[in-house]
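Worksheet: the structure to be examined is printed underneath.
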Amino acid sequence: MIRSHIVGCGAYLPGNPVSNAELARRVDTSDEWIQQRTGITQRYLAADGELTSDLALQAAQRALDHAGMKASDIDLIVLGTATPDETFPATATKVQAGLGMTRGAAFDVQAVCSGFVYGLSVADSMMKNSMAQTALVIGAETFSRILDWNDRTTCVLFGDGAGAVVLQAGQGQGTPADRGVLSNILHSDGRHHDLLYVDGGPSTTQKAGFLRMQGKEVFKHAVTNLADVVGESLAAAGLTTADVDWIVPHQANKRILDGTARKLGMSHEKIVVTVDKHANTSAASIPLALAEAVADGRIKRGQVVLMEAMGGGLTWGASVTRW
Ligand code: ACO
């Protein structure tokens, strides 16, 4: 059967890091509060005029370089973002043009912080249906543009960035021992819209709007939903938590990562944590963390890597890959 394999990873963080102390000079907050509640120490913010597509293009080029491939090898781009350059066209098509790629298809997926897991699932499904051979799956965001910098309960939590993987179709036996993506599980529940949303958009206010969040409620849903979907994705892959070598979670908050691991009875040492260095970068956070753990040699061939995320919608999902 067809199995899609991650054969390259790339990451891009814009500009210089902005520390909690620097943020505390313009927002009524403190390094101590932010670190204690979230584990975040700094974030990266895109410069004026630096767009989501610019960040995505850098990450995509780095993923291609890592895979030893050229843009002409790619026949699909799926880009997860909640902060597109424009209402339309899709930011993915701007990346396609930026790479000089003229064939195949490029489109965006909107699942907020779950955007990368959703995008990976879409690309994997298209490969399994022989609709694509080699894809770029990208998560890219400029959340700084939709933050209300007068709302200290949200603006300290997010940052800008992009990450990308190259996914290539291969063959497997259809067993848990196969290399490649073994399972994807996606969920959403639109009843929870008001817990995390942006109070604007083309059809409502004709302005981009600002992120609004009920933090405590989101926290509770995150730990429960993530633990459940991890169990589902492992069962679908024919594996258990004992088989997992690395959890690469959406990097929202260190306490959510710890709470989910505790609920699953999994060791903290297996979690790849980068939220401290770039805050919550929404759809970009999983490929940013993947790129780091692959580059520093933690993730090795044959190991089981579990990715999971939850975001506005609510949306959530998990994906199991044997590297
Ligand atoms: N600096 C200083 N004080 C602050 C700040 C801040 N930035 N923000 C809030 N406070 C104050 C509040 O005003 C409140 O003060 P009060 O007690 O005098 O009223 C106090 O800190 C506690 O506020 P809470 O909202 O109760 O803080 P809580 O412990 O719930 O932590 C947080 C807030 C970090 C947002 C937490 O609820 C959380 O992590 N939620 C998950 C949200 C999340 O990560 N969302 C990301 C998107 S979804 C996802 O990616 C999974």
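Note that these values count all heavy atoms, side chains included, but never hydrogens, waters or copies made by symmetry. Numbering of residues begins at 1 and proceeds along the displayed sequence. All figures in this text were calculated on a predicted structure; none of them were measured in a lab. As the structure lists them, so they are numbered: ligands from 1, and atoms in each ligand from 1.
The nearest protein atom to atom 9 (C) of ligand 1, hydrogens excluded, is given as Trp33 CZ2, 3.4 Å; this is a heavy-atom distance. Among all protein heavy atoms, the one lying closest to atom 39 (O) of ligand 1 is Asn253 ND2, 2.4 Å. Looking only at heavy atoms of the protein, atom 35 (C) of ligand 1 is closest to Leu157 CD1, 4.0 Å. Ranking protein heavy atoms by distance to atom 50 (O) of ligand 1, first place goes to His250 NE2, 2.8 Å. Considering only non-hydrogen protein atoms, atom 40 (N) of ligand 1 sits nearest to Gly215 O, 2.9 Å. For atom 24 (P) of ligand 1, the nearest protein heavy atom (residue, atom name, distance) is Lys216 NZ, 3.8 Å.
Only the side chain of Val218 comes within contact range of ligand 1, with a heavy atom under 4.0 Å; no backbone atom does. Under 4.0 Å from ligand 1, the heavy atoms of Leu196 that appear belong solely to its side chain. Under 4.0 angstrom from ligand 1, the non-hydrogen atoms of Asn280 all belong to its side chain.
Of the candidates Met213, Arg152, Gln251, Arg37, Arg37 brings a heavy atom nearest to atom 28 (P) of ligand 1.
Atom 26 (O) of ligand 1 is flagged as protein-proximal [any protein heavy atom, distance under 4.0 Å]. Closer than 4.0 Å to atom 17 (O) of ligand 1 lies none of the heavy atoms of the protein. Within the 4.0 angstrom cut-off, atom 14 (C) of ligand 1 has no protein heavy-atom neighbours. Per-atom contact check: atom 3 (N) of ligand 1 touches the protein, criterion being a heavy-atom distance below 4.0 Å. Within the 4.0 Å cut-off (strictly below), no protein heavy atom is located near atom 32 (C) of ligand 1.
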Output a table of donor-acceptor pairs, distance under 3.5 Å, between side-chain atoms of residues 103-114 and any protein atom two or more places apart or on a different chain; print 'none' if there are none.
| from | atom 1 | to | atom 2 | distance (Å) |
| --- | --- | --- | --- | --- |
| Arg103 | NE | Ser72 | O | 3.3 |
| Arg103 | NH2 | Ser72 | O | 3.2 |
| Arg103 | NH2 | Asp73 | O | 3.3 |
| Asp108 | OD1 | Thr91 | N | 3.3 |
| Asp108 | OD1 | Ala92 | N | 2.8 |
| Asp108 | OD2 | Thr91 | N | 2.8 |
| Gln110 | OE1 | Val112 | N | 3.1 |
| Ser114 | OG | Gly311 | N | 3.3 |
| Ser114 | OG | Thr315 | O | 3.0 |
| Ser114 | OG | Thr315 | OG1 | 2.8 |

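Side-chain N/O atoms of Asp160 and Thr142 include no donor and acceptor closer than 3.5 Å. Side chain to side chain, Arg43 and Asn280 fail the donor-acceptor criterion of an N or O pair below 3.5 Å. Between Ser319 and Asn184, the side chains place a donor N or O and an acceptor N or O closer than 3.5 Å (distance only, hydrogens not considered).
Against a heavy-atom cut-off of under 4.0 Å, Val156 is close to the following atoms of ligand 1: 7 (N). Distances below 4.0 Å separate heavy atoms of Met310 from the following atoms of ligand 1: 49 (C), 50 (O), 51 (C). Interface of Ala252 with ligand 1, defined as ligand atoms under 4.0 Å from a residue heavy atom, comprises 44 (O), 49 (C), 50 (O), 51 (C).
In this structure the side chain of Phe143 never reaches within 4.5 angstrom of the side chain of Cys155, judged on heavy atoms.
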| request: List the steps, then state whether side chain to side chain contact (heavy atoms under 4.5 Å, CB included) holds for Val320 with Val230. | output: CA-CA 9 Å; Val320 179; Val230 163; over 6 Å; no
| side chain to side chain contact (heavy atoms under 4.5 Å, CB included) between Met310 and Val218, intermediate numbers included | CA-CA 9 Å; Met310 194 194 88; Val218 171; 3.9 Å; yes
| Asp151 vs Arg212, side chain to side chain contact (heavy atoms under 4.5 Å, CB included): CA-CA, chis, key distance, verdict | CA-CA 9 Å; Asp151 176 9; Arg212 304 294 174 206; 4.1 Å; yes
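Seen from the ring of Trp149, Arg26 counts as a face-on cation partner, given the 6.0 Å and 45° thresholds.
Of the candidates Val248, Ile6, Val304, Asp245, Ile299 forms a side-chain contact (heavy atoms from CB on, under 4.5 Å) with just one, namely Val248.
Annotation: Thr38 places no N or O atom under 3.5 Å from an N or O atom of ligand 1; distance criterion only. The N/O atoms of Thr29, backbone and side chain alike, include one that comes under 3.5 Å of an N/O atom in ligand 1.
Evaluation of the side chain to side chain donor-acceptor pair (under 3.5 Å) test over residues 57-69, restricted to residues two or more places apart or in two chains, returns Gln61-Asp65.
Under the 4.5 Å side-chain heavy-atom criterion for grouping Ile, Leu, Val, Met, Phe, Trp and Tyr, Val165 is not connected to Leu64 through any hydrophobic cluster.
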